[in-house]
Each structure stands twice: as C-alpha cells, then as structure tokens.
Amino acid sequence: MSGVALGLVLASVFFLALALLHRYGDLKKQQPIVLLGTLASWYLCFLIVFVLPLDVSTTIYKQCLLDNTHHPSPVSPTRISYLMENGSTLSPTESAPSVCEKPWSYIPEGVLPVFWRVVYWTSQFLTWLLLPFMQSYARSGAFSLVGKVKAAIVENAIYYGTYLLIFIFLVIYVVAHPKWRLTWTEFQTICITAANTWGLFLLVLLLGYGLVEIPRSYWLSSCHTHLLAKTYFKVAKMACEKVSAEENLADVMEEVSVINVSVKYNHSLRECVDTILTKVIAAVQRCRQTRVQWSMLLERIFHLEDAAKSRGNPMCHFVRSFTATERDGCIRRFLYTPKVEWYWECVFRQVVYKLLAFLLFFLSVAVVWSECTFFSMRPVLSLFAIIVRMTEQQRYYVCTEAVCFITIIFLCVCVYSTVFQIRVFNYYYLAPHHQTDAYSLQFSGMLFCRLTPPLCLNFLGLIHMDPAVSQQDRLHTSYTSIMGSMHLLSFISNGFYIYYPVLVLLLCFATLSNLGSRCLNLLGVHQYVTDDDLSLDLVDEGKELVRRERRKRQKSIDAANRRFAWRERYGGTQGASGGSRTGYTEIKDEQETEVKKSIISFSWRKSDEQQRSLLHTSDDG
C-alpha cells in the first residue's frame, strides 16, 4: 500500500477543488488563465490539509522504529521536571520496546520532503507574486499590453513594499545578532517566518469568528422561527442591492451607449471604445449576481414558509406552494418524496442540527482551551495531545489519523467557510451557481495560500507538539522540516507565536456578543441582530416583499394555465398547442428568462435595439 494513499488523496483533492470551482466560477465563460490560477491555488492548499494527517501517521511509525533502535531510553529530564511541578513523583525508568506496525497510509522515505517543498513554494509564489499581478492586470483600464503591465506593477507597489519592509527588518535583525550567521537555510527561514506571521494575523481573525459562529449557526438553524426571521432580513437587504445594481447598470449602459454612438467604427479611437465596452461586464456581472441571489433567496423563503405550514399536516406530507423545479433532479424527486421531506423538515432536522451544534461546540471549546493553555509558559496538556499520546503508545495509526483528520478539517471549516461567506463590499464575494467574477476567484486563491501554512502549523501545535517533552523527543514531521527553526527569530517564536492565542480568545468573545455585527450596523452595513430595531424593521419589510413575490408568481402561473386551457380548447390538438401544461409553462418561462437576460429596462432613455446590441457586445468581451 506504499504510496497508494498519497495517490488517492492527490486525485480526490483535485476533483474536490474542481467541483468547488465549477460551483462558484463559470468554467465555460471565465478566462482560462484565471481558472488555472484559482484551481492551482485551491488544489495546493487542500493538498496540504489532506496530506498532513498521513505525514503525522508516517512520522509516528518512523519514531517507533527509532525508539526501538535506541532501546532502552530513559525518560527525558524535561518530562520529569514537568511532572514534578504538577505534584507527582517519577523516577527514570526504561521503556519497553513496542511493536511497530506499518500504517496503511505509509508514504515511502524521501517522498514527503520533496512533495512539501514543491507544494509550499509553489503556493507561496502564487499568493505573493502571480495572483496579485493577475488581479491588477485584469482590472486595469489601460488600452495596451504595456499599459496593463505598468498599471499592475504600480498598483502592487504598496503591496510588495509592505512585505519588503518586514523582510528587510528581519534580515537586519539576524545580521546584527552576534550569535547568528546569515546562511541560505536561515534566509529561507526568515522568508517563511515573515509569510507565516502575515498569515497568522488573518488566521486569528477568521478562526476567532468561525469557532463561535459555526456551532451557533447550526444551533440557531434548528429554530425555525429564527431561520424565517433571518431569511426575511436577507430578502429585504437583497432587494435593495438588486435595485441598486440594476440602477447602476442602467447608468453605465447609458453613458457607454452615448460614447458608442458618437465614436464610429472607422474612428481612430474606436479600439479604445471597444476596450471600454469590455469593462462594462463588471456592472453586468454584479447585476446578474444579485438576480441569481434574489432568486435563490425567494426559493429558500418559500420553502421555509411551506415547512412552517406543513408542520400541522395530519397526513405527514410536505406540501409545496409551487411545483418542483428542474434543479431538484429526477433522482432527488424520486427518493425525496413528500413524506420523507416532511419527516426531515418537521421532525429530524431540528434534532440533527442540535446534535451537530453540540459536537461542533465541543470541538470549539477543545480548540480554544488548547490554544490558550498549550502555548503558555506553564502548559496544561490539551485534549488532542492526550488522545494522540494514548494512540501513540498503542500504535493505533487509524485512530491517530482520525483524530488528526477531524481536527484539521474542523479548523479548515472554521477558516475556509468564513472565506467563502465573507463579502467586502462589491469587490470580493464568492457567489455560487457560476456567478463569481475573476477578481474574487483570484483573491480567494491568495487567501487560501496565505492561511493554510500557519493553519497547519497551528494544527501541529495542537496535536503532537507536546511541551511536556524535550525538543529532541517531539515528533518532527516532514512538513515542519521545511519551516526551519523558528528560534532563529526569538522575538517572534517566544512572543507572537506564544501569546497570539489570546487574540483568538478575545475575538471569540467579540463574536459571541455580536460586537462585529453591531459595529457594522453603526457604519451603515446592515447585519442581522435579534435585539436591533433596524433588523426588526427589515424583517417586516422582507415579509411584505415575500408576500408580493408570492402573489406575482401565483398570478404568472394562473395566467399560464389560462393560456394553456385556451389553446387546448381552441388551438387544435395537444401536440399543436405545445404539449402538456408543464411543458408549455417551462417553454414560456425560458423565453421570458432569455428576454430578461438580453434586455436592460431603461427604454425611456435609448432605443431597445441599441441597448440589446450594447449589452451583447459587453458580454462577448
């Protein structure tokens, strides 16, 4: 089985990254270089996460072989002094040899060091050099290749300058220190330390939010009343964003249409006008994103209202207000029957979500406890370290890998889910259903590459970097071998790396008290807070908007049914009338959707023909 586990992980992670990219990015219309850069960054980051547990189990096996080779081995003085300080006595004893069984996921010698170096340095090249340059190049408004490159370099000057200042400061610190000599290994360590320190600041913010918000979101999702109110709030907020996006698109299209008409195709500036037309795609993209999100929110709130009405159904059947859409799929409609849907939505869903919330809460408490005590000067063993130490003694590699895998996946969910949900105004937002723009895809790749290395180092600290044993007895994985010795920069290794978990605890308390949401409300960025008057007003507004949309959709369905009945009675045979009632409705809906996509409603300003031609030109660009 040597190398088989690594091969399976390589293939599985690639398809996972590709599936996520297909969900958020448009594989057909997006630029290939954007898709390639985003896929590479996501793939490398996910590889680090999934391969690291295999590295831990392989290291434990190698450590077992090493211990048996040097048997007998006395207990380390560090462990003795630690146990004496905790009130117990221990005399140096000889440990008995243990049976070393090769784990199923064993990776051959020499593979992981090369693998980690390729993955790590490639991801660092992407996040610090290639992706930022690609972002600036894509957003540049210059009309030539040289102009775009120049604009990208100027825009990244501050970005690169900040990192360069930190790097120069660390180099001067090492050169001026009397005990150290600046070698190539120490130079690499400085680069890695600077990058990880930068990423740790982001990690503290996202981890402090995710450790609290993810368990709480599942707990609140089990309450149907809270879920309804929050979705009404989102509907009201999205309605404002939808109107703003459509008005912005109309203004942009009016300005561009004037330029398009005034500059003829044989004019010397026509090439520049064509370049401007391609930039209109940003406003079109935002408008389409808001429309897709609006449609998804309406489907969500209709489903929640149907669930509330179906709770009192004596037949134990889930009754939908509108027929199932094509997105449900034939298999889902066959297996997920109205009776199964009723039991899930009205009976089991609350129980499952509460149990999941309790499990996630337990993991969050364990992580926070480990963070705040495991790196202190007088450490207290964390739960994860105790479990792994017990599994190390018995050589239960499957159990060790399970603990490692659950821990790192939970940390990744806390961090990555925030990256997928966070929204920075209209510049960065990962929208599902192929609606994410190129800038957001590349920015997410940068965040993942910047967060994953410090996240994995934090995970290794929680799992098996036991402070009760000496440095020589610690498990030294192949991943930590590329990081070098952090003791080279003592003010970071003995300062920030030890006390930064306190920041995680403070941010957890801030998230628990909704401090961030309240601050955003004061700044005019509305967030849902249960005891806020503005949130309650938006909930009432959302209810009214949903009633209006429900009436509008019902009227549309009734009108389609009347037209179908009229054609069926007076339009001849069923085949000539367009088929069944459902088939006619679907054809009509598709036609209306295509018309809405190709025509922007500002006919009071310009002719419809010019608008459609201009929008088609921007889409092709």
Side-chain angles (χ1 to χ4, degrees), residues 1-24 35-63 101-127 363 384 387-388 391-392 395-417 419-420 444-445 447-464 475-483:
M1 294 295 289
S2 297
V4 176
L6 181 60
L8 292 176
V9 170
L10 291 176
S12 302
V13 172
F14 175 79
F15 287 110
L16 173 63
L18 187 62
L20 286 175
L21 184 61
H22 174 69
R23 172 174 172 79
Y24 288 93
L35 295 176
L36 184 60
T38 306
L39 179 62
S41 59
W42 289 10
Y43 179 57
L44 293 176
C45 294
F46 295 161
L47 266 183
I48 297 176
V49 171
F50 282 89
V51 174
L52 199 56
L54 308 183
D55 190 1
V56 172
S57 63
T58 302
T59 303
I60 293 175
Y61 171 70
K62 293 179 181 178
Q63 186 68 35
E101 297 180 0
K102 182 182 292 186
W104 70 276
S105 58
Y106 176 78
I107 300 176
E109 187 73 25
V111 174
L112 281 177
V114 177
F115 173 82
W116 287 128
R117 284 183 172 85
V118 172
V119 171
Y120 178 80
W121 289 111
T122 304
S123 64
Q124 292 302 303
F125 171 76
L126 288 173
T127 186
L363 291 175
F384 299 118
I387 293 176
V388 174
T391 57
E392 287 177 21
R395 306 303 169 192
Y396 294 151
Y397 297 104
V398 176
C399 184
T400 303
E401 290 175 358
V403 173
C404 295
F405 185 76
I406 292 174
T407 305
I408 193 170
I409 289 299
F410 176 68
L411 293 175
C412 289
V413 168
C414 292
V415 175
Y416 290 169
S417 62
V419 175
F420 276 100
S444 66
L447 285 180
F448 284 151
C449 292
R450 205 159 300 177
L451 288 169
T452 304
L455 175 66
C456 292
L457 285 178
N458 186 69
F459 155 75
L460 291 175
L462 292 178
I463 287 295
H464 62 73
L475 294 178
H476 191 70
T477 62
S478 299
Y479 181 79
T480 57
S481 64
I482 70 170
M483 295 297 171

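It should be emphasised that the depicted structure is a prediction, and the values quoted were computed from it without experimental measurement.
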Can you classify the ring geometry of Y24 versus F420 as parallel (below 30°), tilted (30 to 60°) or perpendicular (above 60°)? tilted
Distance check, rounded to the nearest 0.5 Å: [X] atom [atom1] versus [Y] atom [atom2]?
X: E109; Y: S478; atom1: CD; atom2: OG; value: 7.5 Å
X: L54; Y: T59; atom1: CG; atom2: OG1; value: 10.5 Å
X: L52; Y: S57; atom1: CG; atom2: OG; value: 10.0 Å
X: F115; Y: D55; atom1: CZ; atom2: CG; value: 9.5 Å

Evaluation steps, side chain to side chain contact (heavy atoms under 4.5 Å, CB included), between Y61 and I107: CA-CA 11 Å; Y61 171 70; I107 300 176; over 6 Å; no
Pick from V9, V13, L411, T452: which one makes a side-chain contact (heavy atoms from CB on, under 4.5 Å) with V49?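 Answer to the side-chain contact (heavy atoms from CB on, under 4.5 Å) test with V49 among V9, V13, L411, T452: T452.
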In C449, P453, C456, the residue satisfying side-chain contact (heavy atoms from CB on, under 4.5 Å) with Y120 is P453
Kindly indicate, with the supporting measurements, whether the criterion side chain to side chain contact (heavy atoms under 4.5 Å, CB included) is fulfilled by I408 and F50. CA-CA 8 Å; I408 193 170; F50 282 89; over 6 Å; no
Ignoring hydrogens, what is the shortest heavy-atom contact between [X] and [Y]? Give both atom names and the distance.
X: S41; Y: G445; answer: OG-CA, 3.2 Å
X: L21; Y: W42; answer: N-CZ3, 3.6 Å
X: F46; Y: L20; answer: CE1-CD1, 3.7 Å
X: L44; Y: S123; answer: CD1-N, 3.8 Å

Please list, chain by chain and in numerical order, all residues satisfying side-chain hydrogen bond (donor to acceptor under 3.5 Å, both in side chains) with Y479, sequence neighbours excluded. none
Could you check if a side-chain atom of [X] sits within less than 4.5 angstrom of a side-chain atom of [Y], using non-hydrogen atoms only?
X: V119; Y: Y43; value: no
X: L6; Y: V51; value: yes
X: L8; Y: V4; value: yes

Residues S444 and Y416: side-chain donor-acceptor under 3.5 angstrom: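 The answer is no; no qualifying pair exists.
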